[in-house]
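A, B, ... follow the sequence lines: proteins, then strands. Residue 1 opens every chain.
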Protein chains: 2
Amino acid sequence: MERNTLSPATTLPADASRMSRPQRAAAAIKDWVVERGMRPGDRLPGESELMAHFGMAKGTIREALRVLEAQGLIRTRTGPGGGAFVNEVTEARARALLGNYFYFNEISIRDIYELRHALEPLLVAQLAGTLGEGQLEQLAAVMTAYETPPETIDEAEQHRMAELDFHALLASFSENALLRFQCRFLFSLLKELTICRKIYRREIPGFRKAGRDYQSRLLQALREGDSGAAKAIMRAHLNAAQTTMEQQESVVLRQFLSESEER
Amino acid sequence: MERNTLSPATTLPADASRMSRPQRAAAAIKDWVVERGMRPGDRLPGESELMAHFGMAKGTIREALRVLEAQGLIRTRTGPGGGAFVNEVTEARARALLGNYFYFNEISIRDIYELRHALEPLLVAQLAGTLGEGQLEQLAAVMTAYETPPETIDEAEQHRMAELDFHALLASFSENALLRFQCRFLFSLLKELTICRKIYRREIPGFRKAGRDYQSRLLQALREGDSGAAKAIMRAHLNAAQTTMEQQESVVLRQFLSESEER
DNA sequence: AGATATTTGTTCGTATGTATT
DNA sequence: TAATACATACGAACAAATATC
């Protein structure tokens, strides 16, 4: 059974005419690797061989390899037996690269929660009844991180991060790689967006406890294989969280505006 | 109002210790750009200045710039007034980079349609009543590409691509950048996955006409601002399409298996 | 149209670092 | 410890592209 699901050439823009030489070289090496059906861990030819094969100087080849490295497609090691090796793109790197795109595309809390509403109820409905005891325990273990009320702002922030970890862990259990990634990307946004970071450092009475309650009930439904209940609990949880987050968002924005006026 | 929604440093792995020099340089340049709040179009210092500033040789700096170029964050021009310029990451590049991740994570037609079911009904429900006449006309224009039955296999394939373009165009009208991207990424997968490409080159009686009917009714609902109807039509459309695609998938796979046995 | 200045792009030679044997 | 095989880094020179006059 063939494992390469994507066609080779189409993975990059490929407007060959106005690409710089190193970029072309990177594309060429990539295609060369794909054609050969090389798998993660396989070693690419050394720099000198690549120079000979593609008729380009060392510097150009090196720049090409760096391009592939930046995309997460290869890693290189020095020393004997070293060289460039095919590398499986990690989820973390994929998230980071995609994050660059949204650096320029303003997104709001509402945008994120719209997606959460669309994806997470589906996620838990699928997961209900399929999780092993070990997985359920992992989820419970994450929840212990915010068992007790936070005593400092820093601790409160950590709790919020751990709550997101709970959702991210849940998503990682999905069989659907697309669903898994898209959910987990949303959580990385919720962790990194500056507006969110500001919100996490505010007191929100009752929020932590309510979240834990939802998650406990969710675990119960997942254990019992009750898809409908899991979906309903998740929906309610998201509604509550979204309301709080959007309220806090407006508070933070007002704060920011009044601070601006003070100058 | 601040425009940078993501925190600077967190956008790349940043395990500085075991990063290569050019990678560190790339990260440093990136942070330097972010700190300065530089916007797309702004010019970075020339290579020689960067060499001086970061105390690295030309080759190293160039490799760093290539890394940033590969991520779509800069573009470079030669000649006087040339140099490296901050660049807005295009959606196409973001899709391509994310595609690399899924090159190693097998995804099925079912996976994709699960996401479509979650996202596209939401999309059209939001869009209902918000589209201008120009946008509705654009959608209708795409539909003319598969107005008449295809006469060759190539033409049939083109029709399928145009149908996907219809959905992609629809998604591009969403105000939600996340929803927009996630939908359009799914369509790029449907265009590029080898299994899909094989399916598109098969005769599927009635499929084209059924698709057009759905889309016509969808346009009507969108024009009338009937969210419920738009959602329902999209759901029905997706159900039908998914059934067909999965049927064809099993046919293609059986074909592939029997071809393997012949050897 | 053509000369020129500026800036990136490419190459080569050499030296250094690093991990294996 | 030493030899090796390989990537890594540097510096200088040259080539190509492109704006401006």
Side-chain angles (χ1 to χ4, degrees), chain A residues 12-30 32-33 38 40-87, chain B residues 12-30 32-33 38 40-87:
Chain A
L12 254 190
D15 189 354
S17 56
R18 56 175 181 176
M19 259 202 290
S20 67
R21 222 130 123 71
Q23 291 223 7
R24 276 207 308 275
I29 294 174
K30 188 174 179 178
W32 188 87
V33 166
M38 292 175 75
D42 293 349
R43 185 177 180 282
L44 271 68
E47 285 184 350
S48 51
E49 289 167 79
L50 290 172
M51 290 166 60
H53 188 284
F54 292 99
M56 282 178 271
K58 191 171 46 191
T60 311
I61 294 294
R62 284 181 59 77
E63 287 179 29
L65 290 177
R66 281 271 124 72
V67 167
L68 296 178
E69 197 174 298
Q71 297 177 352
L73 293 170
I74 63 169
R75 85 197 131 83
T76 60
R77 279 205 307 261
T78 62
F85 296 82
V86 178
N87 192 40
Chain B
L12 255 190
D15 187 353
S17 57
R18 55 173 182 178
M19 260 201 292
S20 65
R21 227 139 122 74
Q23 290 223 11
R24 277 208 306 277
I29 294 173
K30 189 173 176 177
W32 188 88
V33 167
M38 293 176 73
D42 291 350
R43 185 179 180 282
L44 272 68
E47 287 183 352
S48 50
E49 289 167 78
L50 290 172
M51 289 167 61
H53 188 285
F54 292 101
M56 283 178 265
K58 177 166 175 150
T60 312
I61 293 294
R62 282 185 57 79
E63 287 179 31
L65 291 176
R66 283 296 181 240
V67 167
L68 297 178
E69 198 174 291
Q71 297 177 352
L73 293 170
I74 63 168
R75 86 196 132 83
T76 61
R77 278 204 310 261
T78 62
F85 297 83
V86 178
N87 193 38

Short N-O contact, B/Glu69 and B/Arg66, less than 4.0 angstrom
yes
Between atom [atom1] in [X] and atom [atom2] in [N], what is the gap in whole Å?
X	N	atom1	atom2	answer
A/Glu63	C/dT8	CD	C1'	10 Å
B/Glu49	C/dT6	CD	C1'	12 Å
B/Glu47	C/dT10	CD	P	11 Å
A/Arg77	C/dT20	CZ	P	8 Å
B/Met56	D/dA9	CE	P	9 Å
A/Leu44	D/dC6	CG	P	14 Å
A/Lys58	C/dG13	NZ	P	9 Å
B/Leu65	C/dT7	CG	P	15 Å

Under 4.0 angstrom between [X] side-chain N/O and [N] OP1 or OP2:
X	N	result
A/Arg62	D/dA9	yes
B/Thr60	D/dT8	no
B/Arg21	D/dC10	yes
A/Arg66	D/dT8	yes

Closest to the [X] side chain, choosing from [options]:
X	options	answer
A/Thr78	C/dG17, C/dA5, D/dA9	C/dG17
B/Ala57	D/dA19, D/dG11, C/dT18	D/dG11
A/Thr76	D/dA19, D/dT8, C/dG9	D/dT8

Got a second to check how far B/Ile29's CD1 is from B/Leu73's CG, nearest 0.5 Å?
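These two atoms lie 11.5 Å from each other.
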Closest-nucleotide 5' rank along DNA chain C - winner of A/Met51 and A/Gly81
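Per heavy-atom nearest nucleotide, the more 5' residue is A/Met51.
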Can you spot which of A/Leu65, A/Asp42, A/Val67 makes a side chain to side chain contact (heavy atoms under 4.5 Å, CB included) with A/Ile74?
A/Leu65
Tell me whether B/Arg43 contacts the main-chain N or O of B/Gly82 through its side chain, where contact means a donor paired with an acceptor under 3.5 Å.
yes
For A/Arg62 and B/Thr60, indicate whether the former's side chain and the latter's backbone hold a donor-acceptor pair under 3.5 Å.
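Checked: no pair found.
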When all nucleic acid strands are considered with a 4.0 Å heavy-atom cut-off, which category describes B/Gly59: base, sugar-phosphate, or nothing?
nothing
